[in-house]
Amino acid sequence: MRWPWSKPKTETRAAASGFTAEIMAARESYISGRRGIGELTGTVQTCVSLWENGLTVADVTGTDLLTPQALAIAARSLALRGEAVFLIGDDRLIPAADWDLRTRDGEPAAYRVSISEAGGGTQRTALAAEVLHFRIGADPATPYYGQAPLRRASITAGLLDALESSLRDAFETGSLGSKVLPFPFPDAEDLTRLHARFERQRGKVVLRKAIDVTGVGGPNTDWRPVNLSPDLSVSMTGETLAAARDAICGAFGVLPALMSPATTGPLVREAQRHLASWALQPMAELMAAEASRKLAADVTLDVMRPLQAFDAGGRARAAAGIIEAISLGKQSGLSGEEIAAAFRLVDWQTE
């Protein structure tokens with residue numbers, strides 16, 4: 001019983017990576033079923049490694065805080081979580097294992113981050129200007145949170161996990177390479193003992209009782225051996241698995257043809273250019289904008305040059321054509337402004 005004039009006590013709860021948050025996450029995972037299983041597949045890890053290695057070698061100008069190690073951690077976090085948070089330290093960026101934020105006008109205003117330590121994690125509170133928050137795939141309803149490619153393609157990731165789990169069970173418990181051979185006139189004890197070994201025989205021969213009957217209709221076909229290996233081609237498992245892998249590669253910006261055994265050198269270079277120009281470089285631009293705003297410097301990230309994600313032969317031919325055009329223009333008596341105006345007509349910007 002509480003007196004009318006007594007003040008209610010303020011209930012405090014743990015946040016971020018506290019006990020309450022862990023219980024809520026476990027309960028949510030129990031209600032919604034298995035989640036994140038697709039992250040354990042080889043296809044996803046291959047795409048994540050391409051993101052990680054591509055951003056690691058990026059050219060960074062304007063700051064020394066974005067080291068290759070920090071870029072690698074950011075790339076893996078962006079690929080699997082859709083966002084990455086770093087606390088700006090004196091001489092380095094401190095990655096956050098978990099975080100909680102408070103917004104104002106739809107923009108983060110303050111953070112409570114959890115820092116992993118060898119003997120246990122610590123929590124710190126920082127303003128938005130003291131934190132680098134990289135995010136991709138932000139939803140208009142929650143622009144302060146990012147979305148990973150797997151979350152945007154959750155059905156495909158779940159299908160890939162279901163197929164790989166089914167194949168794993170088939171290869172683990174299926175009767176691959178097993179056959180049933182007829183055994184003439186066994187006694188009851190031998191037949192019972194052989195029947196107990198009938199299920200889940202892998203790569204072995206199982207004997208069963210057979211009766212040779214001849215009469216109307218011809219001889220009985222009971223003597224023919226029977227193969228117990230499951231026919232997975234009937235369920236189109238291979239085609240479905242390939243389609244799910246291709247869909248996940250497309251979600252990460254990787255051309256599915258890169259995973260094909262028949263891939264050739266030109267196709268590998270095209271896949272590399274596609275990944276760098278349509279996935280990594282736009283993500284690098286978002287990271288550079290966030291770093292420029294928080295670090296008070298003009299920060300740029302370039303992944304095109306380190307990855308050689310351009311057509312070298314095409315660039316050489318274009319450079320030769322430009323030089324020839326400038327030379328012909330000067331021989332014709334055109335001024336520099338007129339040559340620049342001609343280049344602008346074909347959408348070529350000159351300084």
Side-chain angles (χ1 to χ4, degrees), residues 16-17 36 39 44 47-89 91-116 124-153 251-254 275-304 306-307:
S17 60
E39 301 172 2
V44 174
C47 297
V48 172
S49 298
L50 290 175
W51 280 30
E52 184 178 0
N53 298 333
L55 276 182
T56 300
V57 299
D59 288 337
V60 182
T61 58
T63 181
D64 295 332
L65 297 179
L66 292 176
T67 60
Q69 182 180 6
L71 291 175
I73 295 176
R76 177 164 286 271
S77 182
L78 287 172
L80 296 178
R81 302 181 61 173
E83 51 187 345
V85 170
F86 291 88
L87 185 64
I88 303 175
D91 56 349
R92 66 185 184 92
L93 295 178
I94 305 173
D98 198 1
W99 58 88
D100 186 16
L101 55 87
R102 184 180 299 274
T103 61
R104 179 180 300 169
D105 296 332
E107 287 292 328
Y111 290 82
R112 179 168 47 215
V113 298
S114 299
I115 308 299
S116 298
R124 301 184 188 179
T125 303
L127 297 176
E130 302 172 332
V131 173
L132 287 181
H133 189 183
F134 305 132
R135 49 192 180 271
I136 59 173
D139 191 88
T142 55
Y144 37 84
Y145 291 131
Q147 290 186 5
L150 285 182
R151 183 177 179 183
R152 286 171 274 170
F252 278 95
V254 179
L275 174 64
S277 59
W278 289 103
L280 297 183
Q281 188 58 41
M283 187 166 53
E285 296 292 337
L286 294 175
M287 298 173 62
E290 175 73 6
S292 300
R293 189 160 57 96
K294 299 294 181 62
L295 300 179
D298 189 10
V299 180
T300 59
L301 276 79
D302 182 20
V303 299
M304 302 294 291
L307 293 181

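Only heavy atoms go into these numbers, but all of them, side chains included; no hydrogens, no water, no symmetry mates. In this chain, numbering begins with 1 at the start of the sequence shown.
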Which atom names give the shortest non-hydrogen contact between [X] and [Y], and what distance separates them?
| X | Y | result |
| --- | --- | --- |
| A58 | L71 | CB-CD1, 4.4 Å |
| A291 | L132 | CA-CD2, 3.9 Å |
| A84 | L78 | N-CD2, 4.0 Å |
| A148 | R81 | CB-C, 3.7 Å |
| L66 | V299 | CD1-CG1, 4.1 Å |
| S277 | P282 | O-CD, 3.3 Å |

Working to the nearest 0.5 Å, report the span between [atom1] of [X] and [atom2] of [Y].
| X | Y | atom1 | atom2 | result |
| --- | --- | --- | --- | --- |
| M287 | F86 | CE | CZ | 7.0 Å |
| I94 | I73 | CD1 | CD1 | 11.5 Å |
| Q281 | M283 | CD | CE | 10.0 Å |
| T63 | D298 | OG1 | CG | 11.5 Å |
| I136 | L286 | CD1 | CG | 8.5 Å |
| Q69 | L93 | CD | CG | 10.5 Å |

Treating [X] as the side-chain partner and [Y] as the backbone partner, does any N or O pair qualify as donor plus acceptor under 3.5 Å?
| X | Y | value |
| --- | --- | --- |
| S77 | E83 | yes |
| T125 | R112 | no |
| E130 | K294 | no |

Requested in this report: Check the surroundings of atom CZ in R102: do more than 12 heavy atoms from other residues, nucleotides or ligands lie under 6.0 Å from it?
Outcome: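 Incorrect, the count does not exceed 12.
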Query raised in the report: Do the non-hydrogen side-chain atoms of L307 and L275 ever get within less than 4.5 Å of each other?
Result: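 Result no, sub-4.5 Å side-chain heavy-atom pair not found.
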Query raised in the report: If we only count heavy atoms from C-beta on, is the F252 to V44 side-chain gap below 4.5 Å?
Result: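 Contact flag for F252/V44 side chains = yes.
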Query raised in the report: Which pairs, with at least one residue in residues 47-60 and sequence neighbours excluded, count as a side chain to side chain donor-acceptor pair (under 3.5 Å)?
Result: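 Residue pairs passing side chain to side chain donor-acceptor pair (under 3.5 Å), neighbours aside: E52-R76, D59-R305.
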**Report entry** Derivation and outcome, side chain to side chain contact (heavy atoms under 4.5 Å, CB included), residues V131 and L101
**Finding:** CA-CA 11 Å; V131 173; L101 55 87; over 6 Å; no
Under 3.5 Å, which donor-acceptor pairs do the side chains of residues 138-147 form with other protein atoms, sequence neighbours left out?
residue	atom	partner	partner atom	Å
D139	OD2	A141	N	2.9

